[in-house]
Student: 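Pasting a structure here, questions to come.
All values reported here derive from a predicted model rather than from experimental measurement.
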Amino acid sequence: MTAKVRLFVDHPLGAGQPVPLTREQAHYLFSVMRLGAGAPILLFNGRDGEWLCEVTEAGKRGGEAVCDTQTRPQQMPPDLWLLFAPIKKARTDFIVEKAVELGVRRLLPVQTQFTNSERIRQDRLQAHAVEAAEQCGALFVPEVAELARLERLLADWPTGRALLFCDEAEAGSRAAALDAAPAPAAVLIGPEGGFADAERARLGAMDETRVIALGPRILRADTAAVAAITLWQVACGDWA
């Protein structure tokens, strides 16, 4: 069987395990993709790997699939977090999508002094992360946390987790090397307006902070997120 559709489910997966399909999943499978009973699909839940399953019930309001064989064992991304200041909607979606593709464990939107957006739709961004994982073959969907103020996150920062501070003021400098910050680690990307002096001072006073330069040019926030995660993955992550 060759499956054309891959879905994330919040349900245990294992040989012979029946898996209920939500109304939204049923609509996509049976109305959009025109699949029916007997169709093969791939399912993953972030815990039990990826499974080839067969649709056994196909209805307008739901359905069911039964697990057949495991196609890939569970693989977790490196323990890397991404802290980012929300920007315009489409570009924030881009950051979430690419972070999932590149492999992060957690996404934390942060409110900085110069952040333009004062609120986010956490549920919408989480759904976007799920969609990105389904499309790129990831076996894990990172949590998208609620928007939190940067100072509050820093006050409760876990000991031993390196914080890679991507400061646009360091463009062109020889800042700390990424290979000095293995997992657990986090990348911090600021807003379009940059960081305030008080935020830089607070970050500089933390033992876990590593100031990182992302090349000779100042990058847009969404580009900086992709660049920083990529560089860390090559130096310390599962691309090494």
Student: Can a donor-acceptor pair be found, under 3.5 Å and without considering hydrogens, that links the side chain of Q111 to the backbone of A148?
Tutor: no

Student: So do the side chains of R72 and L139 get within less than 4.5 Å of each other, counting heavy atoms only?
Tutor: yes

Student: Using a strict threshold of under 4.0 Å (side-chain N to carboxylate O), is an ion pair present between E199 and R202?
Tutor: no

Student: Is there a donor-acceptor pair closer than 3.5 Å between any side-chain N or O of W51 and the backbone N or O of D48?
Tutor: yes

Student: Kindly write out the residues that satisfy salt bridge (charged side-chain N to carboxylate O under 4.0 Å, His left out) with R6, not counting sequence neighbours, or none if the list is empty.
Tutor: E50

Student: Can you tell me which residue pairs pass the salt bridge (charged side-chain N to carboxylate O under 4.0 Å, His left out) test with a partner in residues 76-89, sequence neighbours excluded?
Tutor: D79-R161

Student: Keeping the roles fixed (side chain from W232, backbone from A183), state whether a donor-acceptor pair exists under 3.5 Å.
Tutor: no

Student: Does one hydrophobic cluster hold both V141 and L13, with members joined at side-chain heavy-atom distances below 4.5 Å?
Tutor: no

Student: May I ask you to say whether D93 pairs ionically with R124, meaning some side-chain N is under 4.0 Å from a carboxylate O?
Tutor: yes

Student: How about F195 and F165: are their ring centres within less than 6.0 Å of each other?
Tutor: yes

Student: Can you tell whether the side chains of R121 and E146 come within less than 4.0 Å, N to carboxylate O?
Tutor: no

Student: Can you check whether L219's main-chain N or O pairs, donor with acceptor, with T223's side chain at less than 3.5 Å?
Tutor: no

